[in-house]
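Everything on this sheet refers to the single structure shown next.
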Amino acid sequence: MKPNETMLRIRKPTRNNQLFPGFGLSLGFTLVYLALIVLIPLSAVVLKASTLNASAFWETVTAPRLLASYRLSFGAALMAGLINSIFGLMLAWVLVRYNFFGKKLVDSLIDLPFALPTAVTGIALASLYSKNGWVGRYLEPLGLKVAFTPLGILMALIFIGLPFVVRTVQPILEDLELEYEEAASSLGATRWQTFRFVILPTLFPAILTGFALAFARSVGEYGSVIFIAGNIPLVSEITPLIIITKLEQYDTAGATAIAVVMLFISLLLLLLINGLQAWTAKRTGRNL
Amino acid sequence: MSIEVKNIRKTFGDFIALDDVSLSFPTGELVTLLGPSGCGKTTLLRIIAGLETADQGHVLLEGDDASETHVRERQVGFVFQHYALFRHMTVFENVAFGLRVKNKKERPSKEQINKKVHDLLNLVQLDWLHDRFPSQLSGGQRQRIALARALAVEPKVLLLDEPFGALDAKVRKELRRWLRKLHDELHITSILVTHDQEEALEVSDRVVLMNHGKVEQIGNPDEVYDHPATPFVYGFLGNVNFFHGRVEGTNIQVGDQNLKHGLDTGLAPGTPVVAFARPHELDIVPAIEGENKNSDGVLAQIDRILSFGATSRLELSAIENLEDSGLPQSFEVELSRAEVQKRQLTEGLQVRIIPSQLKVFQRT
């Protein structure tokens, strides 16, 4: 049993019988900190939105332009998270399992999307994929338009979400001993069966965590997207952009109403992912 | 299935793990590869399994060259020191794994798999744990499950890599006996790797002693214990005392003290030798003050007397013979408790150590 699991088992630590002292103090501090940093600003959003009456609120958040933007924002974020899960796993695999020239460099390149100002990313991507850009000029004749389309948004979200899955999977993969694979192949499993039934289930919780992080980041992404999106209403306009637009028109209540909806959907999706994680953990005996 | 390895050589960089090793393992025997860590025993086992490839040489399974066969097709059951049970699968799923990954043509039906897994779990006496996860089992239980999992695919050979190495002494002993019993029931050709000489002597039909990538001696447990072929084997199997000296007729001259050997060593007088004796092959007599220094036996002082059970273990240090490190050479002697009392041996007493039996090797 890991020590932190031991801690979780202590529901009501008594004063004389504590495995780790300071439970009350540390829990109190954690809650106050969370409240100050996360909950209070978020409840301010909800409060501000509640200055609208119900019908005005509903009208604001269900405008066709907004409905289209929800679909785009959440759809593209989910898609980008999915793509990043697959390729992030591959990247982590290559970095952990093989030695090659320039491995250190590749490893540090992974974090670049974290470090780059998002506007730089957006401008770079937009100029790369535009009609006259280095890549765009070859895609355009093939009928593939990337810049100023939803595809461009997806590109930007894949870019900024890249590090999450790599960085969550990498340490788990490093700790995964070759013995398991050797055991599997000595039992007659093919490489694919070993990957599918032995390695992947072990990595799945980490992939899920990485996916959730990449998804959450993508939903809220603004800077890198607006440059490449083209921001055409009903086509390539993301929800955060509509919020900014409303704010620029001094429609704070409308902006916060949309924010509340985003908040709600995000929370729901993250809860869903957490639930999925708990379910896999339970199914594989990790939390027992 | 019989196993044969021929002229196996394996290096890791500059390190020679196996140096031209040839061995044969007859069908149905349990053979132990015994040696200190780094002697190449695990590497040899992994080469036989197909988890490692030799730089040179061949592995023959049932007479056929299997050197190029993938581990998947070698039909070997491999048991790892740290169990390597799949953490996300229950005990049942772990044991069933080898059956479920078979291709459609060979895969048994669900009912057959079910029956087989429960049979195997009964064989290792752990059927009641079938729905648990490995993390909920003790070390000994995990290793038994790992064994059941390896047996599920009906391997022709069972290879065990220090299977009891991570367990505590009591469980290790229990499992050792249990493994021997299991082997007597199944008669599957098995190779066990260990560095524990007691385990090797107790469990195996034959012992292969290895050192520095070479085979030192092969024989059944009695043979290797009673007639060690090399100084290494003598030193590795059981506790041992040694004396550095020179041949002097039928005696061994140690410093200016004399040890009776009694047998003709066949070595020329003056040849440097090392003489071995087990703790129970040494006798102790109190040294008499002022007696001739050159009389029989090596002068030593009793440091500690440890008495548990029927025998007493005495730790002594030499008075005149220093080791290379500059510390006095130490000896270990086993006497019955009654003898210790009769001779009034106490800690701090000066005594003479007189071997009743010596095994002499020329020093190289």
Side-chain angles (χ1 to χ4, degrees), chain A residues 1-9 85 89 97 99 168-169 171-211 275-288, chain B residues 42 45-46 48-52 69-103 106-107 129 131-137 145-155 157-161 166:
Chain A
M1 197 190 297
K2 278 177 270 172
N4 60 345
E5 286 168 350
T6 323
M7 271 182 3
L8 284 174
R9 290 215 168 167
S85 296
L89 176 63
R97 283 299 164 87
N99 273 317
T168 49
V169 169
I172 310 290
L173 200 54
E174 269 163 7
D175 285 347
L176 188 72
E177 282 176 51
L178 282 175
E179 254 181 21
Y180 296 104
E181 285 158 63
E182 290 176 348
S185 53
S186 81
L187 292 168
T190 59
R191 279 307 288 166
W192 166 248
Q193 285 172 325
T194 305
F195 178 76
R196 170 67 190 80
F197 298 115
V198 176
I199 301 170
L200 200 58
T202 316
L203 298 179
F204 192 66
I207 297 173
L208 214 56
T209 306
F211 171 79
L276 194 61
Q277 228 158 9
W279 178 73
T280 50
K282 200 167 170 193
R283 219 181 60 87
T284 57
R286 250 182 296 268
N287 254 1
L288 294 161
Chain B
T42 293
L45 193 77
R46 291 174 60 85
I48 293 171
L51 296 172
E52 206 101 55
T69 313
H70 191 272
V71 54
R72 201 163 46 236
E73 271 114 40
R74 282 201 195 182
Q75 292 184 289
V76 296
F78 202 95
V79 175
F80 296 84
Q81 182 177 1
H82 298 288
Y83 330 121
L85 290 176
F86 306 130
R87 284 173 285 183
H88 59 282
M89 296 183 200
T90 61
V91 164
F92 183 95
E93 288 168 331
N94 262 286
V95 178
F97 183 84
L99 300 170
R100 287 178 174 168
V101 296
K102 281 185 191 292
N103 61 37
E106 295 167 42
R107 194 189 308 149
L129 290 173
D131 56 351
R132 307 279 182 92
F133 287 97
S135 58
Q136 297 167 292
L137 308 184
I145 298 299
L147 195 63
R149 182 179 69 176
L151 290 172
V153 290
E154 293 178 11
V157 186
L158 194 58
L159 306 173
L160 305 114
D161 183 13

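Throughout, protein chains are lettered first and strands after them, A, B, ... in sequence-line order, and every chain is numbered starting at 1. Please read all numbers here as calculations on a predicted model, not as lab measurements.
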| Test log, rule side-chain contact (heavy atoms from CB on, under 4.5 Å), inputs A:Glu182 and B:Arg46 | CA-CA 10 Å; A:Glu182 290 176 348; B:Arg46 291 174 60 85; 2.5 Å; yes

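- Of all heavy-atom pairs between A:Thr202 and B:Arg87, the closest is CG2-NH2, 3.7 Å.
- Chain B is approached within less than 4.5 Å, heavy atom to heavy atom, by A:Ala184, A:Ser185, A:Ser186, A:Leu187, A:Gly188, A:Ala189, A:Thr190, A:Arg191 from residues 184-192 of chain A, ordered by number.
- Interatomic distance, A:Glu179 CD to B:Leu51 CG, rounded to the nearest 0.5 Å: 10.0 Å.
- Applying a 4.5 Å heavy-atom cutoff, the residues of residues 70-81 of chain B that approach chain A are B:His70, B:Val71, B:Arg72, B:Val76, B:Phe78, B:Phe80.
- Heavy atoms of other residues, nucleotides or ligands lying less than 6.0 angstrom from CZ of A:Arg196 number 12 at most.
- Chosen from B:Ala146, B:Pro134, B:Gly50, B:Ala84, the residue pairing most often with chain A at heavy-atom distances under 4.5 Å is B:Ala84.
- Using a 4.5 Å cut-off between heavy atoms, B:Ala150 contacts chain A through its backbone alone, with no side-chain atom that close.
- When the candidates B:Glu93, B:Arg132, B:His82, B:Arg100 are compared by the number of heavy-atom contacts under 4.5 Å with chain A, B:His82 comes out ahead.
- At a 4.5 Å heavy-atom cutoff, the contact between B:Leu85 and chain A is made by backbone atoms alone.
- Using a 30° and 60° split on the angle between ring planes, A:Phe197 and B:Phe97 fall in the perpendicular class, above 60°.
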